[in-house]
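Take a look at the structure set out below.
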Amino acid sequence: MTTTFVNPALYVAGQWLEKASGGARPVFNPATATEIGQLPLAGPAELAAAAESAQHGFEQWRRVRPHDRYVILRRAAELLRQRADEIATVLTLEQGKPLAEAKREVVLSADIIDFQAEEAKRLYGRTVAPRVDGILSHTVSRVPVGPVAAFTPWNFPVNLPSRKLGSALAAGCSVVIKPAEETPASCMLLVRCFLDAGLPAEVINMLCGDPALVSSFLIERPEIAKVSVTGSVAVGKLLGEQAARHVKRFTGELGGHAPVIVCEDMCEGAALDFVLKQSVTAKYRNAGQVCASPIRFYVPRAQLATFSERFAAAAQKLQLGSGLDAATQMGPLAHARRIEDMERFVDDAVGQGARLLAGGHRADRPGWFFEPTVFAEAPPTSRLMQQEPFGPIAVIQPFDELDDAISQANALPYALGAYAFTSDLHTAHRLGESIEAGMVGINHFGVSQPELPFGGHKESGIGQEQGAEGITHYTEVKTITVGQPF
Ligand SMILES: NC(=O)c1ccc[n+]([C@@H]2O[C@H](COP(=O)([O-])OP(=O)(O)OC[C@H]3O[C@@H](n4cnc5c(N)ncnc54)[C@H](O)[C@@H]3O)[C@@H](O)[C@H]2O)c1
Ligand SMILES: O=S(=O)(O)c1ccc(CO)cc1
């Protein structure tokens, strides 16, 4: 297995580019804060070429039968599985997560592409009975929306592009994808799987650059029909506004601030052990850089001390290190800005009187490591209780009545993932129905599955990815109604 980095290149109009007109920027290993590669950056010339190429690619791909699209996508998924070790290593080198997490991400991405490939064959239409004589047929079908501009972040550099590419390509769309500049190489290896599987060259374009330039340039281009973004609520609003100005279709998978309600009946003995183990693992996976990561834990007031002390003790035991080291349980944050952001969250929470129970500092080692951090009783005005920390910070809050916990869980404009633990079936249903979120996990954190829709309510997003819903967002409804000629 290789442990070397693969220098990233752009893929524009059927050509791999090792240099581009927007210059270049370094790619870093976050575990060492050292440069590992140089990324070429697209300027207006490459952006225009990519948009034109996507139009050519679309004209070609929309005519490929769904079954043939399915065959190519299934082959791409298989190549991804075959290359999982190499791709996971590159992912860990540029993003930092433990290798086992990276490998799981790559293999799950193959499952996502497989599922969407199958959905290509199930884009059913319908016929509708005419209401008057002289009409032969009304046919309602789904057609591909057109070339897509897709923007993905650095926290899941293979999974998030796979969600968009799998659905868009299955639907018959072409895609210009801009992965995060911090983690371009693993996405490049994903793109190679599609091309090696037989995807026609111009159906996919991949480029990086100045994010604001790339997004505004592409969204304004007449060739681009749809914008699909995963990222912060702020970036989602910006790109959504730009898309709306041109009446372009938009999917936004944005931030979250997931609550976890732990009911009284799960706060003792084996039940408590189970909740704590699941919670600490879920919280610090990918160093908390997950949009559906659990953040606010609500526990009965009488259990606050025990729960928070045990949570903090487990967090402090986590082994930090390079993702390439098999003993590592939590890697670094993906880039230096994340450390500064964590420090702002901690300073603000401490300043407002929250109790710091574990961590709270950058780790004393090279690289962008931040200690697993636990707060209790943070005031609702603190930044931590209002904005997504997107890092390894948990906050444990007391509640008196279950209704109060539900109100607090629903108090923010975020509504992506939410979780609850209870052994009571009636309470499970009540929580599932009353918590406002796109995805509610009861007694587990695994809400993201290739077969299930992933998406948020309120400001957490518009539309869903994965599952049967994923592909539909890359289609338009079209009605053809045929009358007798005379
Ligand atoms: N929903 C998610 O899965 C997800 C993933 C990563 C980051 N985020 C959000 O991003 C925040 C912090 O990440 P960051 O420090 O990298 O911040 P950031 O806002 O600078 O960047 C976030 C991502 O958006 C992209 N981006 C930024 N401005 C853009 C623009 N004008 N057009 C197109 N893309 C643009 C960046 O390239 C990056 O991939 C987090 O607080 C979190 O809310 C969310
Ligand atoms: O690894 S997954 O659980 O499928 C997952 C969850 C959330 C996100 C978005 O941040 C990506 C992958």
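For ligands, and for the atoms within them, numbers begin at 1 and follow the listed sequence. Quantities reported herein were computed from a predicted structural model and do not represent experimental measurements.
Shown in contact with N155 at under 4.0 Å from a heavy atom are these atoms of ligand 2, numbered in order with element: 10 (O).
Screening residues 349-371 for salt bridge (charged side-chain N to carboxylate O under 4.0 Å, His left out) gives E343-R362, R355-E377 as the qualifying pairs, with residues at least two apart or on separate chains. Annotation: salt bridge (charged side-chain N to carboxylate O under 4.0 Å, His left out) contacts involving residues 109-119, sequence neighbours excluded, comprise R74-D114, R74-E118, R81-D111, R81-D114, E118-K121, E118-R122, E119-R122.
Contacts with ligand 2 closer than 4.0 Å are made by no heavy atom of A292, backbone or side chain. Contact annotation: for E465 versus ligand 2, there are no heavy atoms closer than 4.0 Å.
For the 3.5 Å distance criterion, the side chains of N286 and E105 fail to qualify, holding no donor opposite an acceptor. Under 3.5 Å, the side chains of Q242 and S216 contain no donor-acceptor pair of N or O atoms.
Protein residues with a heavy atom closer than 4.0 Å to ligand 1 are T152, P153, W154, N155, K178, A180, E181, P211, A212, S215, T230, G231, S232, V235, L238, L239, E253, L254, C291, H335, R337, R338, E388, F390, listed by chain and number.
In the candidate list S293, C291, P450, G255, C291 is nearest to atom 9 (C) of ligand 2, counting heavy atoms. Between atom 6 (C) of ligand 2 and the options E105, R163, Q289, the minimum heavy-atom separation is to R163. When T230, N286, V290, L452 are ranked by how near their heavy atoms come to atom 7 (C) of ligand 2, first place goes to V290.
Scanning for ring pair (Phe, Tyr, Trp, His ring centres under 6.0 Å) contacts around F454 gives an empty result, with sequence neighbours left out.
A centroid separation of less than 6.0 Å is found between the aromatic rings of F390 and W154.
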